[in-house]
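This report refers to the structure that appears directly beneath it.
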Amino acid sequence: MPELPEVETYRRYFEATCLFQPLADIQVEDTKLLTTDYDVLVAALRGRQFVATQRVGKNLFVETDGGFFVHFHFGMTGDLAYYQYDQEQPRFARIIFYFQNGYRLAFICPRKFERIGLVDDVKAYLLKKRIAADALAITPEELGQTLARKKALIKPVLLDQSVVAGIGNWIVDEVLFQARIHPERLASSLTSLEVQALHEAIQKVLLTAIQYEANYALFPQDFIIHAREWALSPYPDQGQHLLCPRCQQKLQIKQVGGRTTYFCPVDQPYVLSF
DNA sequence: GCGCTTGTTAAAGT
DNA sequence: AACTTTAACAAGCG
């Protein structure tokens with residue numbers, strides 16, 4: 001589930017569990033998950049401690065006492081689990097950090113889209129990978145200037161990590177719903193009022209999601225995310241959640257920019273009504 | 001068993 | 001050339 005709020009939750013979890021404990025070893029099930037050679041990774045980390053964490057978009061950087069960083073990307077399904085050596089190993093724990101105190105940190109990778117590697121310079125890494133300002137840090141002006149020169153649809157533009165970092169497919173739908181903007185509007189066609197609304201919605205959705213530690217079932221009832229199938233379990237009557245939580249009209253579901261998109265055609269009209 | 005999936009990116013298209 | 005769109009990646013899940 002790793003969009004920005006999940007990664008922020010993982011960052012806090014890592015910070016609360018894994019700092020200041022010397023590493024003994026690292027076990028890797030599939031070296032495709034590594035962006036640094038296994039031997040290099042182990043040689044660099046053995047005996048080292050993690051000392052600090054920072055997050056940009058969906059990227060987690062963990063600083064070591066050697067001055068370099070370990071970069072985590074959680075792909076579509078990555079997760080973390082910290083547990084004692086005699087506890088059962090979680091499923092899909094494909095990379096395991098062994099601490100000298102007997103605890104372990106599992107990097108859980110069900111679909112192998114996750115990545116770990118060494119990074120010397122976070123700024124240089126972000127530049128090289130063209131990762132833009134974090135979605136919680138970007139200013140309305142910065143966002144507006146970038147959107148103004150984009151010819152693509154607003155939804156795929158917001159998903160582009162080189163425009164703003166941290167927004168994924170479910171959050172972009174929520175943000176556009178809260179800002180009442182149709183996902184197929186051209187990014188450059190947004191008025192300054194709409195850009196302002198968009199920026200406010202990004203803040204609101206992300207801060208809400210972080211507050212609930214990305215547990216979507218706890219989100220306010222007027223969030224469109226409850227229409228997503230996976231969120232239905234706490235709600236026996238599935239049908240009612242395919243209606244707009246604001247106007248109760250039927251939601252529209254279609255592919256936009258190649259991704260499944262939920263929106264309310266009434267509350268998010270394509271044509272401006274003012 | 002089929003189609004779907006929260007992300008990224010190389011390749012193709014304009 | 002530069003920007004945009006699409007397909008592919010891997011594997012689990014319903």
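Each chain gets a letter, A, B and so on, in the order its sequence line appears, and its residues count up from 1. Everything numeric here is computed off the predicted structure, so don't read it as measured data.
Counting any heavy atom pair closer than 4.0 Å across all strands shown, A:G258 reaches no nucleic acid atom. Within the nucleic acid shown, A:R115 has no heavy atom closer than 4.0 Å to any nucleic acid atom. Among the atoms of the strands shown, only primed sugar atoms or phosphate atoms (P, OP1, OP2) are found under 4.0 Å from some heavy atom of A:Q161.
Each of C:dA11, B:dG7, C:dA10 was ranked by its minimum atom distance to the side chain of A:R94; first place goes to C:dA11. Ranking C:dA10, B:dG7, B:dT5 by closeness to the A:W170 side chain, first place goes to B:dT5.
Side-chain nitrogen and oxygen atoms of A:K112 include none within less than 4.0 Å of the OP1 or OP2 phosphate oxygen of C:dC9. Listed pair A:K58 / B:dT8 meets the phosphate criterion, a side-chain N or O lying under 4.0 Å from OP1 or OP2. Residue A:T77 has no polar side-chain atom (N or O) positioned under 4.0 Å from OP1 or OP2 of B:dG7. Between A:H73 and the phosphate of B:dG7, there is no side-chain N or O to OP1/OP2 separation shorter than 4.0 Å.
Straight-line distance from the CG atom of A:D79 to the C1' atom of B:dG7: 16 Å, rounded to whole Å. Atom CG of A:L4 is separated from atom C1' of B:dT8 by 16 Å (rounded to the nearest Å). One can place CZ of A:F92 at 17 Å from P of C:dA10, the figure rounded to the nearest angstrom.
Across all their heavy atoms, A:V256 and A:P183 have their closest contact at CG1-O, 4.1 Å. Nearest approach of A:F69 to A:Q54, heavy atoms of both residues: CE2-OE1, 3.8 Å.
Residue order along DNA chain C, read from the 5' end via each residue's closest nucleotide, puts A:V157 first among A:V157 and A:R259.
Grouping the Ile, Leu, Val, Met, Phe, Trp and Tyr side chains by contacts below 4.5 angstrom, directly or via other members, places A:V172 with A:L147.
You'll find the ring centres of A:Y82 and A:Y13 outside the 6.0 Å limit.
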